[in-house]
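This report concerns only the one structure given below.
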Amino acid sequence: MAKPGFTVAHLPGFATIAVGVFVCLYLPIITLVVYSFNGGSSIAVWQEFSFRWYSVAWGNEAVKDATVRSLVIALSASAIATVLATFAALGTTRRAPYRGQTFIYVMINQPLMVPEIVTAVALLIIFASIKVATGYHGLGYLIAAHSAFCIPFAYLPIRARLEGMDTVMETAAADLYASAWQTFRYVTLPLLAPGIAAGAMLAFVISLDDVVITEFVKSGGQDTLPTYMLGQLRRAVTPEVNAISSALLALTVALLTAFFLLTRKRD
Amino acid sequence: MKEDIAVTAESVVKSFGHGAAAVRALDTVSAAIRKGEFFTLLGPSGCGKTTLLRLIAGFETPTSGRILLGADDVTDLPPNRRPVNTVFQSYALFPHLTVRENVGFALKMLGRPASQISARTAEMLALVKLEELADRATAQLSGGQQQRVALARALAPQPKVLLLDEPLSALDLKLRKEMQVELKRLQQETGITFVFVTHDQEEALTMSDRIGVMSNGKLQQVASPREIYTAPVNRFVADFIGETNFLPVTLVKEGARLGSGEIVAAEGKGGVLTIRPEQVNVVRADKAGAIGARVENLIYFGTDMHVHMRLGDGAALVARMPLPPGGDGGLAPGDAVGVTFAKGAARLIEE
């Protein structure tokens with residue numbers, strides 16, 4: 001029996017629209033995954049089920065190289081961004097309100113609002129002059145750039161968690177002889193951990209996925225997985241790209257599942 | 001300098017906000033709480049009682065005035081450097097720690113050796129009868145058990161003063177009664193000074209050695225429960241604690257003259273006479289010396305009955321009389337009766 005009152009399910013066409021949206025969202029991804037198992041060389045014509053393109057990708061030195069580089073950058077950048085974002089979140093929630101707080105908030109989230117291409121060009125120019133001045137051409141530039149644009153993604157869940165945490169816990173810790181550092185170490189940090197994990201996870205995925213800034217900032221021979229795949233598209237496209245994409249998808253899903261399982265118990 | 005004072009508030013003022021919007025939560029409060037006593041700050045919400053508690057704990061600093069613990073001025077010390085612990089209204093137990101870890105928290109922060117922490121924690125858990133639940137998460141406990149953990153946690157470091165911020169308000173009535181007895185027992189066993197904040201006058205009367213009644217950021221009266229009840233200093237205190245009658249009087253040589261003309265004996269000074277309902281006797285209308293009254297209404301309370309009356313000048317007066325089994329005391333609305341006051345019970349107070 002239907003419950004009285006307003007339910008969106010009663011709107012005409014609601015179910016149809018919902019199904020349509022999900023089809024549009026997931027059909028391309030399903031197609032991508034299905035064709036990654038295509039035995040033929042076409043990304044559009046199905047021949048037979050095979051792991052051929054997975055083994056091609058696995059044996060491809062360029063793919064391995066790009067994967068390792070992507071992971072190194074994503075791990076470093078998400079670690080740096082998460083630490084900085086945690087301090088930023090503490091600084092914007094765990095003190096008396098001050099003038100210019102909104103301004104600081106906007107500043108922290110700047111990478112979310114400035115078009116990525118603008119940041120990419122700006123970084124290209126400044127890093128080019130640093131490269132000339134120092135002669136250093138390593139991964140540092142990519143890690144620094146990724147850390148910067150990952151900060152707001154790490155910041156938002158951490159800040160949300162802090163705002164949801166009752167400050168009476170920290171008051172109680174201070175009352176029980178904890179110094180400011182001890183309060184942070186034994187009370188704030190453990191309670192904040194799920195937020196920090198969520199922030200780190202989000203930052204990691206955002207970094208792993210980035211194309212625009214990476215494309216502009218990387219030096220020669222510094223392809224990450226997404227820029228490598230972009231490069232491949234300019235030539236003959238084979239289901240190898242599907243295989244790599246599917247593997248990335250699997251990694252992301254695994255990470256999200258792990259995160260869900262880890263945080264579910266604590267809350 | 002008195003040796004037996006645990007907490008002193010000296011002309012403490014606390015304002016929140018600035019300029020015209022500033023609110024004076026505490027207005028020049030001075031008080032001395034004795035060592036080892038159960039002291040209750042009683043008042044309606046917003047009277048400043050919790051603010052005074054937070055100032056003693058160190059969560060706030062006074063706008064002016066000083067807070068002393070024993071002989072030490074702690075006005076500017078942060079909470080973690082004051083030998084004072086708090087039982088919070090919401091308990092504020094650490095959800096990521098077990099019961100045992102919660103109770104041992106303060107000692108760990110003080111850097112005590114592990115053996116001492118575990119011994120003291122066990123002792124505290126025994127004191128609040130929670131030994132079996134030591135390794136549970138706090139979220140698995142009932143409200144009453146969480147309350148006990150909060151008490152054990154605050155008592156574990158042996159504070160000079162224990163502050164309790166309406167700790168019983170979240171419990172149901174039966175559990176609240178049990179915890180009142182429990183708190184009194186803990187206070188007597190530990191000998192620690194308790195400063196208890198509540199808006200519940202019955203709680204204050206049954207548990208306290210002394211009560212400080214607060215209203216509008218001011219301490220109205222500090223005295224024993226008996227004195228607060230029988231000799232309130234002003235209308236607020238008389239009205240807030242228990243039920244009472246107020247009758248306007250004029251002072252004459254023989255005592256206080258009621259609006260209806262009768263003269264009664266009364267102690268104290270002021271233009272209002274106050275008398276508790278249980279000190280009002282309803283007698284025959286023609287009894288010598290009785291004040292004339294008319295019964296308006298009878299309200300049955302099980303153990304006793306409230307008799308609502310009007311005096312000759314229309315002033316309302318309530319008497320409370322024990323009820324004979326099955327009877328109504330022979331009264332009915334509209335009856336003309338007489339009223340006498342128990343000897344020494346009528347008091348004059350300021351408005």
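Lettering of chains follows the sequences in order, A, B, ..., and the numbering in each one begins at 1.
Counting heavy-atom neighbours within 6.0 Å of B:K160 NZ, excluding the residue itself, gives a total of 12 or less. Surrounding CZ of B:R185 are more than 12 heavy atoms belonging to other residues, nucleotides or ligands, all under 6.0 Å away. Atom CE of A:M107 sits in a sparse spot, with 12 or fewer heavy atoms from other residues, nucleotides or ligands closer than 6.0 Å. More than 12 non-hydrogen atoms from other residues, nucleotides or ligands lie less than 6.0 angstrom from CZ of B:F16.
Nearest heavy atoms, A:P190 versus B:H96: CB-CD2, 3.4 Å. Nearest heavy-atom pair, B:N85 versus A:D175, reported as atom, atom and distance to 0.1 Å: ND2-O, 2.9 Å. The two residues B:M109 and A:Q182 have their closest heavy-atom pair at O-NE2, 3.2 Å. Scanning both residues, B:A106 and A:Y177, for their nearest heavy atoms gives CB-CD1, 3.8 Å. Minimum interatomic distance between B:P95 and A:L191 (heavy atoms only, all atoms of both residues): CG-CD2, 3.5 Å.
Taking 4.5 Å as the limit, some side-chain heavy atom of A:L176 sits within range of a side-chain heavy atom of B:F94. With a 4.5 Å cut-off on side-chain heavy atoms, A:Y186 and B:K108 count as touching. With contacts defined as side-chain heavy-atom distances shorter than 4.5 Å, the pair B:F105/A:V187 qualifies.
Heavy atoms of B:L163 lying under 4.5 Å from chain A are absent altogether. Contact annotation for B:R153: both backbone and side-chain heavy atoms come within less than 4.5 Å of a heavy atom of chain A.
Side chains of B:N80 and A:S179: no donor on one and acceptor on the other come within 3.5 Å.
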